[in-house]
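As the structure is a computational prediction, the values presented were derived from the model and not from experiment.
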Amino acid sequence: MKLVYLFLFLTTITFSCRKDKASWDADYMIPLINDSLTLVDYVNDSTLGLNTSGNYQLDLHRELFRFDLSNEVEIPDTTITSSFSNALTFNVPPGFSIIDDAQEKSLSLSNLELSTIYIEKGQIEVTVKNTYPTNVIAKILLPKTTKSGVIVTDELTIGPGTVANPSYGTKTIDVAYANMDLTGLNSNSFNKFVYNIIVKSDPNGPSVQSTSSNVTVVTSKIKNLELFYAKGYFGNRKIKDTVETDVEILKNWISGGLDVQDVDLNIKITNSIKAMGRIKIVDLTTEKSNGTVTHLNSSQMNVAQNVNSAAGAWSTLSSSFTNFSFTSTNSNIEDFIENAGPKIKVIYEFELNPLGNNTLSNNEVFPESAVILDLDLKMPLTIGLDELTLQDTLSVNFAKNKTQLERAKKAQIIVDTENGFPIKGEIMLKVLNDLNETVLTIPNSGIIQSGLTGIPNSYGLYTSKDKILWDLDEAQIIALQNGTKMVVTGVFNTPDPSTSLSTPLPIKEKSFLSTKVYLSLTYQNEL
């Protein structure tokens with residue numbers, strides 16, 4: 001459709017006139033546009049290709065949605081606070097273990113039962129409160145968190161404090177690239193963070209007395225964890241969503257028909273998560289600006305298909321593929337495309353692990369893992385247009401050329417074209433003011449003939465050359481000065497040269513539309 005829209009090239013007309021004062025009649029030919037439209041730039045960019053006959057074909061690939069489970073498998077920031085005290089009063093000698101405690105903390109992970117995670121980045125911040133009048137040394141062990149097979153450990157020294165005025169020490173442990181086992185102290189659970197805090201009095205310090213008032217508080221904060229791998233059971237997740245997209249060019253479609261052939265639409269689901277899924281395309285519609293809705297009809301619509309789990313691991317990970325194929329024989333895809341409106345909507349349902357935990361918690365997600373829904377549309381760029389009418393309104397500013405327009409007694413818009421597309425276009429112009437009142441209507445239409453009515457060029461491509469002239473008298477030039485909007489209406493057909501009837505015609509390789517637009521102003525004598 002972009003090809004058709006670009007035939008509305010006249011919407012880009014602007015004025016750029018000389019201000020030289022003349023003492024004789026002068027015709028000024030002012031170039032406005034010198035451009036050429038081809039489809040070469042769209043080939044091999046997931047939009048267009050060439051078939052064996054040397055004709056363009058639509059080869060469109062678009063990603064509709066991506067379910068990236070790595071964004072769903074998140075470890076929330078978690079704070080763990082533990083308090084330790086002794087009920088009895090006793091003497092604490094140098095180097096005495098005040099605390100030696102291994103614990104596990106359940107992480108709040110909705111719908112997730114994780115046994116192993118690999119951490120891309122994150123920190124564990126440990127703060128120790130000391131109420132003893134001597135230094136204490138805190139050793140932090142994460143017995144089920146390793147880097148390169150080595151248990152993550154660290155320690156910090158906290159200065160002397162009192163019950164009334166305790167001292168604090170904080171250590172931040174970087175756990176980037178660490179492997180964390182979440183099966184708990186007994187290796188038979190999930191979502192359990194295991195840690196061990198050992199706090200000793202200073203081996204080189206004095207003996208101190210411990211009472212029930214000496215409370216040692218250890219606060220551990222798990223922060224900013226981002227994962228690049230997770231294993232476990234990812235839960236039964238159901239997603240129902242609507243994806244909408246606006247095709248701007250189709251908003252200008254007023255009336256007329258479009259005819260396409262041999263359409264092949266595929267909606268493909270790629271699953272690189274080691275978990276089974278289920279997908280259903282509930283509805284696929286297109287809606288015109290007038291409210292007309294067209295539904296894609298097929299026995300495949302609103303029917304769930306299983307999505308197999310990915311296979312392999314890391315460098316050997318192999319995605320599974322599930323496909324919905326809509327053709328002229330199993331759907332109304334041609335009518336769907338021909339009645340396409342500017343609003344295209346897809347309603348889908350996706351379910352992860354529809355059979356529950358049937359893998360014994362062996363779901364896995366890797367850095368590249370995702371469920372992706374892609375749309376692939378293939379069809380020959382053999383398009384039939386039958387009085388297809390497009391209309392667009394653009395802002396203009398004729399007032400900025402007031403001086404030149406006031407001097408002009410006559411004006412003429414001149415358009416030279418060479419057209420290699422099999423499309424005939426009829427262009428009409430109307431100028432509005434700020435109140436949307438029509439101040440000028442070009443009474444005659446500009447015609448761009450189909451390239452098939454012309455002669456072959458050096459590439460064997462048939463092209464036609466046309467000159468369009470729009471004459472403006474003095475009254476029209478005055479009216480033009482009040483214009484702030486220009487309404488451009490185009491009516492397009494693909495006439496067969498032998499019958500003159502609109503019919504689907506192929507667009508050949510190297511097809512082009514060359515356009516040159518000039519503004520001619522005729523001034524009055526100034527003696």
So, using side-chain hydrogen bond (donor to acceptor under 3.5 Å, both in side chains) as the criterion, who are the partners of Asn306 when residues are at least two apart?
Arg278

So, applying side chain to side chain donor-acceptor pair (under 3.5 Å) with Asn323, which one of Asp376, Asp374, Asn266 is it?
Asn266

Give, for atom CG of Leu64 and atom CG of Leu375, the distance between the pair rounded to the nearest 0.5 Å.
5.0 Å

Mind checking ring-ring contact (aromatic ring centres under 6.0 Å, His included) for Phe65 and listing every partner two or more places apart, or none if nothing turns up?
Tyr348

List the steps, then state whether side-chain contact (heavy atoms from CB on, under 4.5 Å) holds for Asn363 with Lys231.
CA-CA 6 Å; Asn363 292 166; Lys231 181 178 181 180; over 6 Å; no

With sequence neighbours excluded, what pairs up with Glu351 under the salt bridge (charged side-chain N to carboxylate O under 4.0 Å, His left out) test?
none

Just how far is it from atom CG of Leu142 to atom OG1 of Thr145, taken to the nearest 0.5 Å?
4.5 Å

Would you say Asn214 and Val92 make side-chain contact, with heavy atoms under 4.5 Å?
no

So, do Val175 and Leu225 sit near enough that their side-chain heavy atoms are less than 4.5 Å apart?
yes

State which residue, out of Ser167, Pro166, Ser210, Ser201, fulfils the side-chain contact (heavy atoms from CB on, under 4.5 Å) condition with Tyr132.
Ser210

To the nearest 0.5 Å, how far apart are CD1 in Ile347 and OG1 in Thr285?
6.5 Å

Side-chain touch Trp314/Thr316, heavy atoms, less than 4.5 angstrom
no

Partners of Thr322 by side-chain hydrogen bond (donor to acceptor under 3.5 Å, both in side chains), sequence neighbours excluded?
none

Qualifying side chain to side chain donor-acceptor pair (under 3.5 Å) pairs with a residue from residues 109-121, counting only residues at least two apart or across chains
none

Test item: His295 and Asp283 side chains (from C-beta on) under 4.5 Å apart, heavy atoms
yes

Those residues that, when tested against Phe234, pass ring-ring contact (aromatic ring centres under 6.0 Å, His included) (two or more places apart)
none

Working to the nearest 0.5 angstrom, can you tell me the gap between Ile98 CD1 and Lys200 NZ?
11.0 Å

Inspect the contact between Lys223 and Glu125 and indicate whether a charged nitrogen and a carboxylate oxygen are less than 4.0 angstrom apart.
yes

Gap separating the CD atom of Gln305 from the CZ atom of Phe324, nearest 0.5 angstrom
4.0 Å

Salt-bridge present (Lys192, Glu104; N to O < 4.0 Å)
yes

Distance (rounded to the nearest 0.5 Å) between Leu377 CG and Asp264 CG:
8.0 Å

